[in-house]
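What follows is a set of notes on a single structure, which appears directly below.
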2 protein chains.
Amino acid sequence: MKKNKKEVTIYDLAKELNYSPSTISRALNNHKSISKKTTKEIQKVAKKMGYRPNTIAASLRSNKTKTIGIMIARINRPFISSLISGAENTARKAGYNILISQSNDKYENEVSNAKALYDSRIGGLIVSLAMETKNLDHFKLFIDQNIPIVFVDRVPLEFNSYRVIIDNYSAGFRATQHLIDQGCKRIAHFAGAQHLNIYNLRKKGYLDALKENGLEVDEELIMDLETMSFEEGKEATDQLLNMDNPPDGIFSSNDTAAVSAILCAKEKGIKIPEELAIIGFNDDPISSIVEPALSTISHPAMKMGEISAQKILEHSVKKLDSNISEITMLDTEVIVRNSSNRQK
Amino acid sequence: MKKNKKEVTIYDLAKELNYSPSTISRALNNHKSISKKTTKEIQKVAKKMGYRPNTIAASLRSNKTKTIGIMIARINRPFISSLISGAENTARKAGYNILISQSNDKYENEVSNAKALYDSRIGGLIVSLAMETKNLDHFKLFIDQNIPIVFVDRVPLEFNSYRVIIDNYSAGFRATQHLIDQGCKRIAHFAGAQHLNIYNLRKKGYLDALKENGLEVDEELIMDLETMSFEEGKEATDQLLNMDNPPDGIFSSNDTAAVSAILCAKEKGIKIPEELAIIGFNDDPISSIVEPALSTISHPAMKMGEISAQKILEHSVKKLDSNISEITMLDTEVIVRNSSNRQK
DNA sequence: TTGTAGGCGTTATCAA
DNA sequence: TTGATAACGCCTACAA
């Protein structure tokens, strides 16, 4: 096997330049105690000799890394990949790396991923919880070491940490109100797993909007979908449309199931939005492509990622205590498209 | 500020158990020279005392990390996020972490990201090149240190490394052949940036399919789209359909532009697939939602990620020389949907 | 099977 | 402004 080219260290630079390693180190870090001239000279030679800092060694010394860990359920979802993209851009600008891990919505994976990220001595953690997660003990390790945690989107109810969320209650309320404004009287709801408060709050918003408008809540119209998948959306729609008194509107907690509802209803010859108005949640790319285009709630996914990373960067700079509790709530927007627009 | 809880080291375990640190180290790594009994005892106490290995220290010592770096243009694209997802799952199972970086298709970012990942002493690198990248010098650093590089999808023509790709030529040929089989005589092509061989080869396949079937190549039907965006797709379609002798088929090098073409043609009252048959590339989620559903070429994105990670893991185990050249070519599939199916 | 000792590359402290 | 030294936690060659 070929022998690796020996890497240049500050010792090599010290020998070359007749300075001590400490002077080299300081110059490379732009320490103010070193003269401008010396600093310049050292940096020039460092570049010429192809010196690359060993961040591992620096991390060992300082016991922290310029790395942010991200734990999410799955990367290949439009909302999540945009969120990561935002976080990466922000972190990168500040010289931070991004370490990612997927739980695939399994609690067990989340726990072991947390350990793996902890062992990598990340400087901060961004988390969107796995569907299964109810216990949060695996995050205590980080708190003990004063490593900031930012929960985003799927956040726990109680845990001292940063939280970056949208107002799911309000979004659910406004989505439902929108359908009511279009004349819907019997509005169904595709509700996700209720132990996740993103879904729980959307449902609460739905219920309150009905009540506030004097509409009856019919439990039969509330469909509990475990994973909010395309298939579950189809099943639920089938069931709803086979009722003696079918709904005239559906508020789905995600776009996947909502699109599925559109396709299913169309197949049955039901007119959208005249007979059935539909609104989803997330503003995934498919929502503007399906026909009729799906009304939905738009999330600022990329921005949520940026803010999450920003929180960690600030925390590190200010050396704050990780036992903090701060909530950042972002605005959502009701996007009205043809699946619910009866005013045309 | 709260003081961090002191972390448990192998020295603490050594003191607690009256063993030397080396014995502790060996036991934790399941070294065979330590007796089963001792190993078990040490691991039990380590767990009880909340010991977490410091991978930073281990990395400094061994001069390598269990981390795979990934460089891509943007995370929030269906193909890319699936590729990363596959790589992450495979890496995680082997105890490796994934570090990601986006170039946003800028050469400059790719260069600085390469340095950042190098400085993190990654154990291997997975790269899909930025649109702008033509020079590859920034990857030499890795070769010098015998760090394996796997280029995936957008790969360079010449560079000793692993390459994981699909047969773009064949896919382009078959997509075009499919349109010809449907009776198309004048087939347009949405060609991406030609210095990227994924696009270059798709175009070659298109050209050869035409020739092999005795169809004339009309340069006017070959649209050069810089970024293959939705907007560019619309413009190109507009232009094509305004011709005196418009095409009766379009092979687009991606789904985004193809979907755009469908929407644009429909708006003009053109019947798809009867008057205009369309096939895309990638099998993005939108392709099965648009109406009529888009025929396309499916990529095994997740699998490409898995294989890429696998290559790096194997390379590390076998301690191979990074100055290697190995190409893995994966199958693609022509997915026929209504946008091109005239046989119904 | 277990222990001793040195070093991975950097940086903070103290001294000059 | 610069230099000497120790320490971060782990691993491994060598010794016992």
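- The distance from atom CG of A:L60 to atom C1' of D:dC10 is 8 Å, rounded to the nearest whole Å.
- Distance check: A:T39 OG1 to A:L28 CG gives 9.0 Å after rounding to the nearest 0.5 Å.
- Evaluated for a side-chain hydrogen bond (donor to acceptor under 3.5 Å, both in side chains) with B:Y162, the options B:H315, B:K311, B:Q310 yield exactly one hit, B:H315.
- The interatomic distance linking B:Y118 (OH) with C:dG9 (C1') rounds to 13 Å, in whole Å.
- Rounded to the nearest 0.5 Å, atoms CG (A:N89) and CD1 (B:I75) are 7.5 Å apart.
- Between A:N30 atom CG and D:dT2 atom C1' there is a gap of 17 Å when expressed in whole angstrom units.
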Would you tabulate the nitrogen or oxygen pairs shorter than 3.5 Å linking the protein to nucleotides 2-5 of chain C?
from: C:dT2; atom 1: OP1; to: B:T38; atom 2: OG1; distance (Å): 3.2
from: C:dT2; atom 1: OP2; to: B:S35; atom 2: N; distance (Å): 3.4
from: C:dG3; atom 1: OP2; to: B:S20; atom 2: N; distance (Å): 2.9
from: C:dG3; atom 1: OP2; to: B:S20; atom 2: OG; distance (Å): 3.1
from: C:dG3; atom 1: OP2; to: B:T23; atom 2: OG1; distance (Å): 2.5
from: C:dG3; atom 1: N7; to: B:R26; atom 2: NH2; distance (Å): 2.7
from: C:dG3; atom 1: O6; to: B:R26; atom 2: NH1; distance (Å): 3.2
from: C:dG3; atom 1: O6; to: B:R26; atom 2: NH2; distance (Å): 2.9
from: C:dT4; atom 1: O4; to: B:S22; atom 2: OG; distance (Å): 3.3

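- Here the C1' atom of nucleotide C:dT1 and the NZ atom of B:K36 are 14 Å apart, to the nearest Å.
- Using a 4.5 Å cut-off on side-chain heavy atoms (C-beta onward), A:N76 and B:M302 make contact.
- Counting heavy atoms from C-beta outward, A:I149 and A:V127 have side chains that approach closer than 4.5 Å.
- Interatomic distance, CZ of B:R92 versus OG of A:S112, reported as 7.5 Å (0.5 Å rounding).
- Atom CD1 in A:I10 sits about 10 Å away from atom P in C:dG9, given to the nearest Å.
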Practice prompt. In sequence, state the C-alpha distance, the side-chain angles, and the governing distance for B:K6 and A:D144, and then conclude on salt bridge (Lys or Arg N to Asp or Glu O under 4.0 Å).
Written response: CA-CA 9 Å; B:K6 187 90 180 64; A:D144 285 345; over 6 Å; no
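- Taking atom CG of residue B:L13 and atom C1' of nucleotide D:dC10, one finds them 12 Å apart after rounding to whole Å.
- Taking atom CG on A:L17 and atom C1' on D:dG3, their separation rounds to 15 Å, with Å as the unit.
- Checked against the 6.0 Å centroid threshold, B:Y118 and B:H138 do not count as a close aromatic pair.
- Note that CD of A:E110 and CG of A:N135 are 10.0 Å apart. Values are rounded to the nearest 0.5 Å.
- For the atom pair CD1 (A:I70) and CD1 (A:I126), the distance works out to 4.5 Å, reported to the nearest 0.5 Å.
- Terminal axes of the helix from C:dT1-D:dA16 to C:dA16-D:dT1 (five pairs each, C1' rotation axis) are separated by 30°, to the nearest 10°.
- Scanning residues 40-55 of chain A for heavy-atom distances under 4.0 Å to DNA chain C yields A:Y51, A:P53, A:N54.
- Within 4.0 Å (heavy atoms only), A:K32 reaches sugar-phosphate atoms of the nucleic acid but no base atom.
- Listed candidates were C:dT10, D:dG9, D:dT12. Nearest to the side chain of A:T9 is C:dT10.
- B:L28 places its CG atom 9 Å from the P atom of D:dC10, with the value rounded to the nearest Å.
- Taken to the nearest 0.5 Å, the NZ atom of A:K44 stands 10.0 Å off from the NZ atom of A:K40.
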